[in-house]
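To keep things clear, I will list the structure first and then write my remarks on it.
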Protein chains: 2
Amino acid sequence: MADRRRMPRSREVARELRQAIEAGELLPGSLLPSERELVAKYQISSGTVNKVIALLKSTGLVVSEVGRGVFVRRRPQLIRHAHDRYARRWRESGKAPFKAEVEAQGRSARVEVTSIARIEPPKWVAERLGLGGGDHVLRRENTYYVDDAAVQIVNTYIPLSIAEGTSLEEEVPGPGGIYAAFEEQGHRLTRMLEEVQARMPRNGEVERLNAEPGTPVLDVLHISYDQDDTPMDVSHFVLRGDENVLTYELPTE
Amino acid sequence: MADRRRMPRSREVARELRQAIEAGELLPGSLLPSERELVAKYQISSGTVNKVIALLKSTGLVVSEVGRGVFVRRRPQLIRHAHDRYARRWRESGKAPFKAEVEAQGRSARVEVTSIARIEPPKWVAERLGLGGGDHVLRRENTYYVDDAAVQIVNTYIPLSIAEGTSLEEEVPGPGGIYAAFEEQGHRLTRMLEEVQARMPRNGEVERLNAEPGTPVLDVLHISYDQDDTPMDVSHFVLRGDENVLTYELPTE
DNA sequence: AAGTGGTCTAGACCACTGC
DNA sequence: CAGTGGTCTAGACCACTTA
């Protein structure tokens, strides 16, 4: 009742396969017919079959592995990032919220510090930190893993005026993470701002997050403020969109 | 320095074009060489050129129009959805925050009420509203337009026990929108929860949002609670990912 | 009418997997 | 080794836009 003009054959076939999957005829984890079989079954060329598979992959319904086949994707367990993930109670518990959330699902969590360096900040960081030209920042790059698959990349930028000479420059800034280290320097987290966007992964991210090309990422810019409303850090999160949910709880005035 | 194994020719060519665009050799709004010209220039087949274009489209760098050509995308103006978009101050001002935000950018905003109906709620709505079997809800479907292009679809579900017989069942529930109507019924908004995900558009959404296939959407589930912590409504937002930013301001404990 | 993107064909070769 | 997905070719036809 919807399509007024004829659908391309590739979309038709993709729709049939999608319906078979949703109807449970093809169970999660199971193998689709091979491309050659689909060529014979639907009387279409290999190029078209390849496009059909590309369409299904782009919606995250299937994953392909060269030499093995195309599999119906297992519904990924979502990782929830709660609004209170920065709350003091987490720091005091000594367990990072990411780790707690993931392990509660029976999966293993790991964080890797990729690099720590003093750099000249990109302008979008300098702006948000209220820095002038010449001011430098400490950049901490982290990668978060679940079951040894990267799901999240985080770059944190901290004004050198705050970080210089403190444990923030060390690989492990101490128990409770960087926000505990901020408190030791007298900067208490009172407020934060997050800007959330959805976009396609950039080139390097496809590999770093081993996201299937065609699945989007959540791009989150986080800014923390201390008791004087001075920005303490800007953190840039890139999360695999299909495996993460952000939750926010907001009081209204 | 990065690629250990040979890149497919289609990605190589896509990279060259992307660099040309980023270097400013191809300005936003300008026309790329036609597919036939690219075939000749890069000595590749038409199928490969088509794939190159598909790659560039999938990152949102270009848009194609049949019969016209492929254009470097103009950087879209972002629509910001502020954390305080439900604040009472907006209701009292009589101007919806969406409209205010968009018009501040010199663009035109419009909301269309697509349908209002009493229905049996989907289970994910019933769960969040705390409804049992047999309870019904009022569903209000809206589409939001900027410059006459749809950028946002919203479905709002309200328990019939709250909405029945009130102005919430009318197309225009009164000045100040539905939250003002809630207040008239004695339900004051005190708290809300949002769950944010990034995903690819589903079939119908590609057309309704006239999003280029290949650009993701933000999927936001919003739940409002009144002074008794009773859920008043569940709203499901689908936004074009490339044109919207969500911002959240969060106090810490 | 000429040019455009979108789709498709009927093959081919490649790197990879698993037996 | 046979089978798999990924990529590519050298065409073709279609619906569409612009002039």
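Each chain gets a letter, A, B and so on, in the order the sequences are listed, and its residues count up from 1.
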Rounded distance (Å) that lies between atom [atom2] of [N] and atom [atom1] of [X]:
| X | N | atom1 | atom2 | answer |
| --- | --- | --- | --- | --- |
| A:Arg9 | C:dA10 | CZ | P | 13 Å |
| A:Leu32 | D:dG6 | CG | C1' | 16 Å |
| B:Phe71 | D:dC16 | CZ | P | 17 Å |
| A:Glu12 | C:dG6 | CD | P | 19 Å |
| B:Tyr42 | D:dT9 | OH | C1' | 19 Å |
| B:Glu35 | C:dC8 | CD | C1' | 14 Å |
| A:Leu31 | C:dG18 | CG | P | 11 Å |
| A:Asn50 | C:dC8 | CG | P | 12 Å |

Test B:Glu243 against B:Arg240 for salt bridge (Lys or Arg N to Asp or Glu O under 4.0 Å), laying out the working first.
CA-CA 6 Å; B:Glu243 298 210 343; B:Arg240 288 180 54 163; 3.7 Å; yes
Salt bridge or not for [X] and [Y], using N-O below 4.0 Å?
| X | Y | result |
| --- | --- | --- |
| B:Arg140 | B:Glu169 | no |
| B:Lys41 | B:Glu37 | no |
| B:Arg110 | B:Glu112 | yes |

Under 4.0 angstrom between [X] side-chain N/O and [N] OP1 or OP2:
| X | N | value |
| --- | --- | --- |
| A:Ser10 | C:dT7 | no |
| B:Ser64 | C:dT4 | no |
| A:Thr48 | C:dT9 | yes |
| B:Lys51 | D:dC8 | no |

Side chain B:Arg36 and base C:dG5 donor-acceptor under 3.5 Å
yes
Presence of donor-acceptor pair under 3.5 Å, side chain of A:Ser46 and base of C:dG11
yes
Between A:Arg68 and A:Gly47, whichever has its closest DNA chain C nucleotide further toward 5' is A:Gly47
Taking for each residue the nucleotide of DNA chain C with the nearest heavy atom, is it A:Val49 or B:Glu65 whose nucleotide lies nearer the 5' end?
B:Glu65
Expected output: side-chain A:Arg139 to main-chain A:Ala117 donor-acceptor under 3.5 Å:
no
